[in-house]
Undergrad: 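Below are the structure tokens for one structure; questions will follow.
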Amino acid sequence: MPDAIFAHPRLAPVYDAFDGDRDDLDAYLAIADELGARVVLDLGCGTGNLALLLTRHGRTVVGVDPAGASLAVARSKDREGRVRWLHGDATTLPPVHADLAVMTGNVAQVFCADDDWARTLRGVHGALRAGGHLVFETRRPERRAWEEWAADTAPVTRDVPGEGPVQRRLEVTAVDLPYVSFRFTYRFPADGAVVTSDSTLRFRDRDEVEASLTAAGYRVLDVRDAPDRPGREFVFVARRAEQPRGPAARRGCIRGAAERERISRSRLSG
């Protein structure tokens, strides 16, 4: 289930006000250019900022999110209906035949269970065309970002259209590595409402992420630094493998080659 910060009808509309100008998304636009991607799948698209940026630069975009409230905000921005918005997750994707799939922000870290992460990678794999790419970011565990979050307890107030001033406070509630939990508390002075959202992220190291990608049928092409947060995040660039890998797949290839040789010999002898 998506966290309240994305799914609550009172919180989703104020999300953008606290999320900044999202200049980090320019790096994904550059990667789409680099890879020559024309059809892009934005998994965990949230309020649609990246999806709409991509469409403004000529891409065909499918935005997917399990939080209906966030999708409602995204659709309200897309007055021309350029993006195909889907309510769901990677396990419910139709055949998209995307050139590129992306997961920005904390999306890749919300899958705390190994099975959930593996199902997500397989779902994206099925939505990509042969040779398509998956690009996403994760926070480097060694940077211990949660310590900075725990030290930054001062409330932040933003003036939100339709709501007036809204206050948000962050609290780290548990550190049980590789899991870190935190809570956002929102106060709406206009009517005195207080709404909280609890989240947990999993901090996987580089080797663990690479192994999970290989197991799900990807080839890791590059692991980069995030240009807007140097030294703080990994950016994984992976390609959907043309052939399954592993011992079983290799045995299948050997058996297939032997069978073709047998048929060829039988034809020659005939």
Side-chain angles (χ1 to χ4, degrees), residues 1-8 11-12 15 28 40-48 50-51 62-71 74 85-96 98 100-128 132-141 145-146 149 172-184 196-220 223 233-241 244-246:
M1 296 294 293
D3 299 336
I5 192 173
F6 309 113
H8 194 285
L11 299 187
Y15 181 85
Y28 284 89
V40 182
L41 169 65
D42 184 4
L43 186 65
C45 64
T47 57
L50 176 59
V62 178
V64 182
D65 204 286
S70 290
L71 280 181
W85 305 106
L86 298 178
H87 185 202
D89 57 31
T91 66
T92 61
L93 289 173
V96 177
L100 170 65
V102 296
M103 290 185 280
T104 63
N106 293 327
V107 172
Q109 292 185 248
V110 304
F111 305 102
C112 292
D114 289 335
D115 287 347
D116 290 339
W117 177 234
R119 281 193 293 267
T120 296
L121 292 178
R122 290 196 299 268
V124 172
H125 190 281
L128 289 170
H133 294 83
L134 168 62
V135 178
F136 61 91
E137 62 193 73
T138 63
R139 296 177 185 270
R140 297 174 183 244
W146 55 88
W149 302 343
V172 175
T173 55
V175 178
D176 185 15
L177 297 179
Y179 309 103
V180 176
S181 299
F182 52 93
R183 174 178 297 151
F184 283 115
T196 60
S197 176
D198 292 291
S199 303
T200 299
L201 300 180
R202 178 165 175 173
F203 285 73
R204 294 179 173 89
D205 62 29
R206 174 174 173 169
D207 290 344
E208 186 178 4
V209 175
E210 290 196 42
S212 68
L213 285 166
T214 301
Y218 296 88
R219 179 185 175 193
V220 179
V223 183
E233 296 182 355
F234 295 120
V235 178
F236 291 87
V237 181
R239 183 170 61 208
R240 173 179 162 165
R245 300 185 181 276

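This chain uses plain numbering: 1 for the first residue, then up along the sequence.
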Undergrad: Applying side chain to side chain contact (heavy atoms under 4.5 Å, CB included), can you list everything that pairs with Thr91, at least two apart in sequence or on another chain?
TA: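 Checked Thr91 against side chain to side chain contact (heavy atoms under 4.5 Å, CB included); matches are Asp89, Arg119.
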Undergrad: Strictly distance-based, threshold 3.5 Å: is any side-chain N or O of Arg240 a donor or acceptor partner for the main-chain N or O of Leu128?
TA: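 Checking the backbone N and O of Leu128 against the side chain of Arg240, a donor-acceptor pair under 3.5 Å is found.
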Undergrad: Restricting to side chain to side chain donor-acceptor pair (under 3.5 Å), what partner residues turn up for Ser199, sequence neighbours left out?
TA: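 Applying side chain to side chain donor-acceptor pair (under 3.5 Å) to Ser199 gives Asp3.
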Undergrad: Are Asp114 and Ser212 close enough that some pair of their side-chain heavy atoms sits under 4.5 Å apart?
TA: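 A side-chain contact is absent here, since even the closest heavy-atom pair is not under 4.5 Å.
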Undergrad: Of the non-hydrogen atoms in Leu121 and Tyr218, which two are nearest, and what is the gap between them?
TA: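 Taking every non-hydrogen atom into account, O-OH, 2.7 Å.
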Undergrad: Does Val220 have any side chain to side chain contact (heavy atoms under 4.5 Å, CB included) partners at least two apart in sequence or in another chain, and if so, which?
TA: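 Applying side chain to side chain contact (heavy atoms under 4.5 Å, CB included) to Val220 gives Glu210, Leu213, Val223.
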Undergrad: Once rounded to the nearest 0.5 Å, what's the spacing between atom CZ of Arg139 and atom CG of Leu201?
TA: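 Here the rounded value is 7.5 Å.
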Undergrad: Donor-acceptor pairs under 3.5 Å, side chain of residues 172-179 to any protein atom, not counting sequence neighbours: which ones?
TA:
| residue | atom | partner | partner atom | Å |
| --- | --- | --- | --- | --- |
| Thr173 | OG1 | Ser181 | O | 3.3 |

Undergrad: Please enumerate all residues that pass ring pair (Phe, Tyr, Trp, His ring centres under 6.0 Å) together with Trp85, with sequence neighbours excluded.
TA: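 Trp85 satisfies ring pair (Phe, Tyr, Trp, His ring centres under 6.0 Å) with no other residue.
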Undergrad: Under the rule for side chain to side chain contact (heavy atoms under 4.5 Å, CB included), what residues qualify as partners of Pro2, not counting sequence neighbours?
TA: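 With sequence neighbours excluded, Pro2 shows a side chain to side chain contact (heavy atoms under 4.5 Å, CB included) to Ala7, Pro66, Ala67, given in chain and number order.
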Undergrad: Over all heavy atoms of both residues, which pair between Ala108 and Glu137 is shortest? Give the atoms and the distance, please.
TA: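 Nearest heavy atoms, Ala108 then Glu137: CB-O, 3.8 Å.
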Undergrad: Under 4.5 Å between any side-chain heavy atoms of Val135 and Val235, yes or no?
TA: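 In short, these two side chains touch, coming nearer than 4.5 Å.
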Undergrad: Under the side chain to side chain donor-acceptor pair (under 3.5 Å) rule, collect the residues that match up with Arg122, sequence neighbours excluded.
TA: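 Result, side chain to side chain donor-acceptor pair (under 3.5 Å) vs Arg122: none returned.
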Undergrad: With sequence neighbours left out, write down each residue that passes ring pair (Phe, Tyr, Trp, His ring centres under 6.0 Å) with Phe136, or none if nothing qualifies.
TA: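 For Phe136 the ring pair (Phe, Tyr, Trp, His ring centres under 6.0 Å) partners, ignoring immediate neighbours, are Trp117, Phe236.
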Undergrad: In Å and rounded to the nearest 0.5 Å, what is the CG to OG1 distance from Asn106 to Thr138?
TA: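 Here the interatomic distance stands at 10.0 Å.
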Undergrad: Enter the distance from Leu134:CG to Leu43:CG here, rounded to the nearest 0.5 Å.
TA: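 One gets 8.5 Å once the value is rounded to the nearest 0.5 Å.
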Undergrad: Kindly say whether Gln109 contributes a backbone atom to a donor-acceptor pair with the side chain of Arg202 at under 3.5 angstrom?
TA: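 Pair absent, no side-chain N/O of Arg202 close to backbone of Gln109.
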Undergrad: Could you check whether any side-chain N or O of His8 sits under 3.5 Å from a backbone N or O of Ser197, counting only pairs where one atom can act as donor and the other as acceptor?
TA: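 Checking the backbone N and O of Ser197 against the side chain of His8, no donor-acceptor pair under 3.5 Å is found.
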Undergrad: For Val180 and Thr200, run side-chain contact (heavy atoms from CB on, under 4.5 Å): C-alpha distance rounded to whole Å, both residues' side-chain angles, the deciding distance at 0.1 Å, then the answer.
TA: CA-CA 6 Å; Val180 176; Thr200 299; over 6 Å; no
Undergrad: Please report the closest heavy-atom contact between Val124 and Ala101, naming both atoms and the distance.
TA: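 Reported closest heavy-atom pair: CG1-CB, 3.5 Å.
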Undergrad: Check Cys112 against Arg204 and note the closest heavy-atom contact, atom names and distance.
TA: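 Cys112 and Arg204 have their closest heavy atoms at O-NH2, 3.8 Å.
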Undergrad: Can you list everything that forms a salt bridge (Lys or Arg N to Asp or Glu O under 4.0 Å) with Asp198? Sequence neighbours excluded, please.
TA: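 Counting only residues at least two positions away or on another chain, Asp198 forms a salt bridge (Lys or Arg N to Asp or Glu O under 4.0 Å) with Arg183.
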Undergrad: Checking Ala12 now: which residues fulfil side chain to side chain contact (heavy atoms under 4.5 Å, CB included) with it, not counting sequence neighbours?
TA: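 Ala69, Ser70, Val73.
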Undergrad: Would you confirm whether Thr120, through its side chain, and Asp116, through its main-chain N or O, come within 3.5 Å as a donor-acceptor pair?
TA: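 It does hold such a pair.
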Undergrad: Can you list everything that forms a side chain to side chain donor-acceptor pair (under 3.5 Å) with Arg239? Sequence neighbours excluded, please.
TA: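 So Arg239 forms no side chain to side chain donor-acceptor pair (under 3.5 Å) with any residue.
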Undergrad: Tell me whether the centres of the aromatic rings in Trp146 and Phe182 are closer together than 6.0 Å.
TA: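 No: the rings miss the under 6.0 Å criterion.
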Undergrad: Using the six-membered ring wherever Trp is involved, compare the ring planes of Tyr15 and Phe6 and label them parallel, tilted or perpendicular (cut-offs 30° and 60°).
TA: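 Tilted: the ring planes of Tyr15 and Phe6 meet at 30° to 60°.
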Undergrad: Kindly write out the residues that satisfy side chain to side chain donor-acceptor pair (under 3.5 Å) with Arg140, not counting sequence neighbours, or none if the list is empty.
TA: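 Expected list: Asp225.
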Undergrad: Only one of Val62, Asp65, Val107, Val64 forms a side chain to side chain contact (heavy atoms under 4.5 Å, CB included) with Cys45, so which one is it?
TA: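 Option passing the side chain to side chain contact (heavy atoms under 4.5 Å, CB included) with Cys45: Asp65.
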Undergrad: Atom OG1 of Thr104 and atom CG of Leu50: how far apart are they, to the nearest 0.5 Å?
TA: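 CG of Leu50 is found 5.5 Å from OG1 of Thr104.
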